[in-house]
Amino acid sequence: MRIPSYCFIITTVFLSSFSIFGQEQQTTQTGHINTNKFRQLYNEFSTPNAYRAASGAPGHAYYQQRADYKMDIVLDDKEAKLSGFETITYTNNSPDVLQYLWVQLDQNVRAKTTKRPLIESESTAPVLLPEDFTKTYVRDRFDGGFNIEAVKSVKGNALTYTINQTMMRIELPKPMSKGERFSFTVKWWYAINDHVIERDRSGYEFFPEDGHRAYIIAQFFPRMAVYSDVEGWQNSQFWGRDEFALPFGDYEVNITVPADHILDGTGVLTNRKEVYSKTMLERYEKAKTSYDTPVVIVSQEEAEAAAKTFVNTTKTWKLKANNVRDFGFATSRRFILDMMAVKFDTKDVMAVSMYPKEGNPLWEEWSTRAVASTLKSYSRMTFEYPYHKAISVHAKNQGMEYPMICWNYGRPKTDGTYSDQVKYAMMGVIIHEVGHNFFPMIVNSDERQWTWMDEGLNTFVQYIAEQDFGKTYPNALSQNDTHFPSDRGPAHMIIPYMSGNQDHIAPIMTKGLNTYQFGNNAYGKPATALNILRETVMGHELFDYAFKTYAQRWMFKHPTPEDFFRTLEDASAVDLDWFWRGWFYTTDWVDIGIKDVKRYFVSSEPNAYMKALMKERGIKKRQLRPLVYMIEEGDEDYKDEMKTQNVADVTSLKTYLMDNFSAEERQKIKVPNYFYKITFNKPGGLVMPILVTYTYKDGSKTSKTYPAEIWRLNDKEVVKVITSAKEIVRIEIDPKAETADIDTTNNVWPRQHAVSEFDQFKGNLKK
């Protein structure tokens with residue numbers, strides 16, 4: 001006789017009618033608030049309004065400010081000094097009346113008077129390298145702060161201003177109402193720093209062999225702060241870590257440098273014919289139709305020849321950019337330059353690399369190809385790259401991004417050789433920094449407040465782009481590698497962090513300046529969370545659609561974390577409040593185990609539970625309707641012969657059950673020869689789906705995913721009853737390490753299976 005698995009429902013319902021309720025003991029109880037991990041995030045989220053809709057989209061009254069710049073910049077190469085005169089036109093699109101403007105002076109973090117060192121706790125090391133001792137205790141601090149010479153209206157009237165460390169408040173001659181514009185000028189200069197010494201985001205690298213410098217220049221001009229519906233003025237001080245919240249606008253920038261320099265930066269080069277030689281122009285035209293191989297515009301031989309001399313004449317490079325949030329440029333007579341076109345649906349984009357000879361042979365082979373591959377991967381995941389070029393600049397120990405241009409590390413040894421580690425690190429940082437064009441240069445989140453929104457989201461897409469790069473260029477991989485060895489993204493990589501000392505871990509939803517383990521908090525954990533969301537919780541189709549919806553809703557706008565969280569739910573119909581709360585608002589970790597596995601056998605004879613019930617109620621067996629009794633292994637009614645019991649022996653159920661089915665229906669009913677009650681427990685705090693693989697005696701396997709909602713009524717343990725035609729010999733949770741489970745010792749049943757599939761999986765990864 002074939003008994004369908006749903007017979008257990010009948011049994012359970014019937015037996016529940018015999019429940020015995022003893023005399024209730026009077027106890028004093030107190031109420032409690034809702035602590036269910038599936039409760040909605042109403043307390044954490046702001047109330048939707050006209051500016052930001054409940055769906056996560058910009059509201060019907062959404063606004064953002066605008067800042068347009070015209071600048072004349074002069075680089076004094078001999079004195080390593082940068083001077084500028086800029087005109088800023090600020091447009092107030094907010095409904096608020098503004099009394100003053102806030103301008104960022106980020107170079108002041110390098111001023112002699114900076115308070116940056118004063119906020120850090122210090123210690124003494126028992127042993128120091130001479131250069132570290134000098135840097136810490138002997139060397140006088142470099143003075144690289146802004147020297148503001150004048151702040152005036154465009155009519156030439158002096159404006160009152162106040163400088164508070166890295167922020168400058170400018171008093172308006174009269175309040176600005178909605179729709180009004182105000183233009184003013186700032187004249188300034190500062191001494192350019194050696195970025196190698198302090199690993200600063202901007203500055204120069206000095207090459208003693210020829211006395212020349214390679215400049216990577218950013219945060220170099222007074223920049224408008226963001227004013228928004230969320231925080232008003234974002235005038236949080238720059239302490240050196242949290243990056244920059246900036247408004248969009250148009251830029252016209254003229255940069256005067258030595259005549260033998262090669263320069264590029266944010267925006268369209270409008271006077272290419274004036275600054276390029278005839279040979280460079282010919283090569284540039286060739287690059288515009290070269291989609292597979294980079295075309296060298298300035299060769300290594302030409303760069304080395306230029307580095308043998310100094311020139312006293314200058315040349316002005318003119319760049320114009322529309323709808324960007326920042327501006328950066330790089331310049332040196334030591335730069336090699338190559339380019340390659342990248343084809344998109346609506347246009348071609350130029351992938352560009354600039355690097356000194358110290359970057360070769362690695363850079364000439366892979367930099368521009370990495371740029372091109374990155375643009376394609378990110379565009380597939382978000383929106384088509386809107387700008388006309390993307391530049392990768394080689395700079396020692398650097399990894400930093402600006403619109404259309406970024407600095408990247410990865411330097412071979414002096415003999416030109418390099419390790420796999422250097423190669424992969426160089427490729428990875430280029431992919432990461434070029435990817436920042438999308439987050440936050442276009443999807444313009446507030447880096448000063450929510451670092452993870454640009455670094456975490458970008459690191460997540462970086463992982464996808466790295467895997468794409470390895471597939472597009474398999475010859476870039478080392479001999480033993482079958483895929484790009486990403487160092488962030490997959491779930492198992494975050495386990496050491498999440499299982500670490502809770503005294504040195506902060507939730508992702510923490511201001512970047514105040515986090516411990518910045519790399520894990522702002523990069524690794526959010527990237528892992530999104531990867532798990534895509535691979536395990538939502539699936540590619542739902543996640544990719546929702547993620548792209550977020551990117552397209554908020555391109556060239558200022559999203560918040562809530563806009564991101566809400567959009568992913570809105571576009572997928574997946575309730576994710578439990579996921580955001582656990583992964584982003586807490587420091588909980590994943591640990592799901594198999595607490596217990598009980599085997600059951602069916603019988604037509606009453607089990608111990610029923611015998612006790614019948615005795616207490618005075619019920620005779622003949623008074624009962626035919627029932628299926630579940631005998632748990634270990635019960636007093638359990639007998640050795642039951643191990644070989646055939647379900648078909650339970651003949652007393654034939655009339656009660658099988659007569660309710662047609663002959664055809666009976667043939668379709670599966671035979672559940674084995675019954676298991678599995679108790680899953682959750683020592684960890686994070687709610688996650690339960691990924692289980694069942695292995696049968698014949699060697700076959702089946703996998704099952706129980707959604708995270710299985711924990712909604714019991715956060716400690718849940719039970720699943722499994723009926724099977726084949727005997728189960730092994731049960732394993734998360735065999736491929738997809739959930740960041742920090743303890744796999746409780747993931748396998750029976751316990752004597754010491755080596756789990758996850759252990760084998762980790763071993764394969766190491767290979």
Side-chain angles (χ1 to χ4, degrees), residues 65-76 79 81-92 98-114 143-176 180-193 201-203 217-227 233-238 244-257 265-267 316 318-321 324-329 402-403:
Q65 311 291 67
R66 181 179 181 86
D68 299 313
Y69 299 82
K70 292 184 178 181
M71 291 188 278
D72 291 304
I73 308 299
V74 177
L75 171 67
D76 184 337
E79 299 295 328
K81 173 182 173 182
L82 196 71
S83 303
F85 180 82
E86 66 184 280
T87 300
I88 304 176
T89 299
Y90 188 76
T91 304
N92 180 19
L98 304 180
Q99 305 290 334
Y100 44 77
L101 306 178
W102 279 104
V103 177
Q104 300 185 54
L105 302 179
D106 301 296
Q107 287 294 332
N108 281 358
V109 78
R110 283 191 280 274
K112 268 196 171 182
T113 57
T114 180
D143 189 359
F146 276 114
N147 296 275
I148 303 296
E149 295 186 338
V151 181
K152 299 180 179 180
S153 69
V154 289
K155 295 181 179 179
N157 299 321
L159 297 174
T160 301
Y161 64 91
T162 301
I163 296 177
N164 176 14
Q165 299 187 73
T166 62
M167 299 299 301
M168 178 169 67
R169 186 183 68 239
I170 299 175
E171 309 297 333
L172 291 167
K174 68 180 185 67
M176 285 184 72
E180 291 186 337
R181 294 182 179 181
F182 179 70
S183 297
F184 62 99
T185 64
V186 185
K187 186 179 181 182
W188 51 266
W189 68 271
Y190 69 86
I192 305 174
N193 57 298
R201 290 171 166 81
S202 173
I217 304 297
Q219 297 91 246
F220 66 91
F221 59 100
R223 304 179 294 173
M224 290 302 306
V226 167
Y227 184 88
W233 284 109
Q234 170 50 288
N235 54 11
S236 179
Q237 295 289 340
F238 177 53
F244 318 104
L246 301 162
F248 288 100
D250 295 342
Y251 286 72
E252 292 183 32
V253 185
N254 303 321
I255 309 171
T256 300
V257 297
T266 304
T316 299
K318 298 181 180 181
L319 293 158
K320 185 175 182 180
V324 295
R325 49 156 268 174
D326 201 0
F327 191 98
F329 69 93
Y402 305 92

To the nearest 0.5 Å, tell me how far [X] [atom1] sits from [Y] [atom2].
X	Y	atom1	atom2	value
D72	K318	CG	NZ	9.0 Å
F244	Q234	CZ	CD	12.0 Å
L101	M176	CG	CE	6.5 Å
D76	T256	CG	OG1	11.5 Å
R223	L105	CZ	CG	10.0 Å
F184	I88	CZ	CD1	3.5 Å

Can you name the closest pair of heavy atoms from [X] and [Y] and give their distance?
X	Y	value
P247	A67	CG-CB, 3.9 Å
V186	P222	CG1-CG, 4.0 Å
F248	R325	CD2-N, 3.7 Å
G267	A321	CA-CB, 3.6 Å
Y190	G145	CB-O, 3.3 Å
T89	S183	OG1-OG, 2.8 Å

> Can you check whether G328's main-chain N or O pairs, donor with acceptor, with T266's side chain at less than 3.5 Å?
Replying inline: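 Looks like yes, one N/O pair under 3.5 Å.
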> Has the side chain of Q104 got a donor or acceptor atom that lies under 3.5 Å from a matching backbone atom of L246?
Replying inline: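 Pair absent, no side-chain N/O of Q104 close to backbone of L246.
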Report yes if the side chains of [X] and [Y] come closer than 4.5 Å at any heavy-atom pair, otherwise no.
X	Y	answer
F182	L98	no
Y402	Q219	yes
I217	I192	yes
L82	I73	yes

> Listed by chain and number, what are the side chain to side chain contact (heavy atoms under 4.5 Å, CB included) partners of N147, not counting sequence neighbours?
Replying inline: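 In terms of side chain to side chain contact (heavy atoms under 4.5 Å, CB included), with neighbours along the sequence ignored, N147 is linked to W189.
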>> Going by side chain to side chain contact (heavy atoms under 4.5 Å, CB included), name the residues that satisfy it together with K152, two or more places apart in sequence or in a different chain.
In response: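 K152 satisfies side chain to side chain contact (heavy atoms under 4.5 Å, CB included) with A150, T185 only.
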> Given Y227, which of Y100, W233, W102 fulfils the ring-ring contact (aromatic ring centres under 6.0 Å, His included) condition?
Replying inline: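 For Y227, the ring-ring contact (aromatic ring centres under 6.0 Å, His included) check succeeds only for W233.
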> Any chance the side chains of E86 and Y251 put a donor and an acceptor closer than 3.5 Å?
Replying inline: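 Judged by distance alone, the side chains do not pair up.
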>> Set out, in order, the CA-CA distance, both residues' side-chain angles and the distance that settles salt bridge (charged side-chain N to carboxylate O under 4.0 Å, His left out) for R66 and D250, then state yes or no.
In response: CA-CA 9 Å; R66 181 179 181 86; D250 295 342; 2.8 Å; yes
Just distance, no hydrogens or angles: give the donor-acceptor pairs under 3.5 Å from side chains in residues 161-173, sequence neighbours left out.
unit_1: T162; atom_1: OG1; unit_2: R169; atom_2: NH2; d: 3.4
unit_1: T166; atom_1: OG1; unit_2: Q237; atom_2: OE1; d: 2.6
unit_1: T166; atom_1: OG1; unit_2: F238; atom_2: N; d: 3.0
unit_1: R169; atom_1: NE; unit_2: E171; atom_2: OE2; d: 2.7
unit_1: R169; atom_1: NH2; unit_2: E171; atom_2: OE2; d: 3.4

>> For the aromatic rings, using the six-membered ring if either is Trp, is the centroid distance between F221 and F327 under 6.0 Å?
In response: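 No, ring centres 6.0 Å or more apart.
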